Amino acid sequence: MKQFDKAEAERLVYTYSDLILRLSYTYLKSTHDAEDICQTVFLKLLTSGQTFASPAHEKAWIIRTTANACKDALRSTFRRRTVALEAAAATAAPEAPDSAVLEAVMALPENYREAVYLHYFEGYSVREIAGLLGRSEAAVTAHLSRGRHKLRTTLGGEYYEQSV
């Protein structure tokens with residue numbers, strides 16, 4: 001196991017924790033599960049000995065690792081065999097989304113949600129998203145277009161035109 005510098009660990013947490021938490025939440029729709037993924041990604045980063053050519057490479061690695069960890073969590077046997085939150089008695093309600101837009105984005109299918117999130121919230125281009133997610137640029141463009149269409153339908157044309 002690689003020994004890591006405390007200052008470097010603090011820099012990574014300060015720089016990427018919000019990104020990892022938000023991206024994980026878009027997949028898992030659970031704050032607690034997103035926090036678990038955040039810890040997993042940081043442990044992997046700090047103990048892997050991974051070196052990066054640039055800050056952009058570092059950020060891309062973190063996004064890709066986060067997405068893969070979320071997909072692994074969604075496929076896990078534990079997740080499939082546990083009771084849904086709605087079925088649990090006396091469980092606190094999940095945190096409410098900050099806005100109608102975020103709520104609408106979270107309701108999108110996974111492919112559309114991740115493309116819309118990375119493009120509009122993180123500022124990645126279609127080419128960059130395609131590389132991060134291992135998809136073709138045409139697929140990412142289609143996901144963005146269909147996601148925007150679904151958001152336009154969900155939020156109503158009037159709201160959508162005001163925000164553009």
Side-chain angles (χ1 to χ4, degrees), residues 2 8-9 11-80 97-157 159-164:
K2 173 190 163 197
E8 176 66 3
R11 179 193 71 80
L12 291 168
V13 170
Y14 179 75
T15 305
Y16 297 113
S17 61
D18 189 50
L19 167 66
I20 295 169
L21 283 170
R22 289 184 293 137
L23 182 58
S24 299
Y25 185 80
T26 65
Y27 278 94
L28 304 173
K29 298 182 182 177
S30 164
T31 304
H32 299 293
D33 290 342
E35 289 169 347
D36 289 345
I37 294 297
C38 189
Q39 289 178 0
T40 301
V41 170
F42 281 125
L43 283 173
K44 185 178 276 190
L45 177 61
L46 292 170
T47 59
S48 70
Q50 182 77 23
T51 57
F52 302 102
S54 67
H57 180 229
E58 180 179 77
K59 186 174 182 182
W61 185 91
I62 288 172
I63 288 172
R64 189 71 186 140
T65 303
T66 301
N68 287 339
C70 290
K71 290 174 184 177
D72 289 346
L74 290 170
R75 284 191 298 261
S76 75
T77 304
F78 173 77
R79 190 168 181 97
R80 286 193 306 252
D98 294 332
S99 69
V101 175
L102 179 60
E103 187 175 320
V105 169
M106 294 304 297
L108 291 172
E110 182 180 323
N111 288 340
Y112 303 163
R113 185 174 60 237
E114 63 189 6
V116 167
Y117 174 80
L118 289 172
H119 185 69
Y120 290 104
F121 290 88
E122 295 300 326
Y124 280 94
S125 70
V126 170
R127 176 173 282 154
E128 292 169 327
I129 295 169
L132 289 170
L133 300 179
R135 297 191 185 119
S136 69
E137 290 181 37
V140 172
T141 301
H143 293 154
L144 281 171
S145 177
R146 292 174 187 153
R148 282 191 295 263
H149 178 73
K150 285 186 175 283
L151 288 172
R152 193 176 299 124
T153 302
T154 303
L155 296 171
Y159 180 84
Y160 183 81
E161 290 169 5
Q162 289 174 356
S163 64
V164 173

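Remember, predicted model here, so these are calculated numbers, not experimental data.
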Distance, nearest 0.5 Å, that separates [atom1] of [X] from [atom2] of [Y]:
{"X": "E114", "Y": "C70", "atom1": "CD", "atom2": "SG", "result": "10.0 Å"}
{"X": "D36", "Y": "S30", "atom1": "CG", "atom2": "OG", "result": "8.0 Å"}
{"X": "L21", "Y": "L28", "atom1": "CG", "atom2": "CG", "result": "11.0 Å"}
{"X": "E103", "Y": "L108", "atom1": "CD", "atom2": "CG", "result": "11.5 Å"}
{"X": "N68", "Y": "L133", "atom1": "CG", "atom2": "CG", "result": "9.5 Å"}
{"X": "T153", "Y": "H149", "atom1": "OG1", "atom2": "NE2", "result": "4.0 Å"}

Minimal non-hydrogen separation, [X] against [Y], with atom names:
{"X": "I37", "Y": "S24", "result": "CG2-OG, 3.2 Å"}
{"X": "A104", "Y": "L155", "result": "CB-CD2, 3.8 Å"}
{"X": "L45", "Y": "W61", "result": "CD1-CZ3, 3.5 Å"}
{"X": "K150", "Y": "P109", "result": "CD-CD, 4.1 Å"}

May I ask you to test the [X]-[Y] pair for a side-chain heavy-atom distance under 4.5 Å?
{"X": "Y27", "Y": "T66", "result": "no"}
{"X": "F52", "Y": "I62", "result": "no"}
{"X": "K44", "Y": "Q50", "result": "no"}
{"X": "K71", "Y": "E110", "result": "yes"}
{"X": "V126", "Y": "L144", "result": "yes"}
{"X": "T15", "Y": "E58", "result": "no"}
{"X": "Y117", "Y": "R22", "result": "yes"}
{"X": "S17", "Y": "F42", "result": "yes"}

Next on the checklist: Within the 3.5 Å criterion, strictly below it, is a donor on Y120 or R148 matched to an acceptor on the partner's side chain?
Outcome noted: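 Result is yes, a qualifying pair exists.
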Item to check | Over 12 foreign heavy atoms within 6.0 Å of NZ, K59 | outcome: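 Counting other residues, nucleotides and ligands, NZ of K59 exceeds 12 neighbours.
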Next on the checklist: With a 6.0 Å cut-off on the ring centroids, do Y124 and H119 count as close?
Outcome noted: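 No, too far apart.
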Report yes or no: does [X] contribute a side-chain atom to a donor-acceptor pair with the main-chain N or O of [Y] at less than 3.5 Å?
{"X": "E128", "Y": "S125", "result": "yes"}
{"X": "T26", "Y": "L23", "result": "yes"}
{"X": "R135", "Y": "A130", "result": "no"}
{"X": "R113", "Y": "A107", "result": "no"}

Checklist entry - So E122 and I129, side-chain contact (heavy atoms from CB on, under 4.5 Å) or not? Walk me through it. => result CA-CA 10 Å; E122 295 300 326; I129 295 169; over 6 Å; no
Next on the checklist: Is the ring pair H143/Y112 parallel, tilted or perpendicular, if the boundaries are 30 and 60 degrees?
Outcome noted: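 Answer is tilted, since the angle falls between 30° and 60°.
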Item to check | Trace of the side-chain contact (heavy atoms from CB on, under 4.5 Å) decision for L118 with V140 | outcome: CA-CA 11 Å; L118 289 172; V140 172; over 6 Å; no
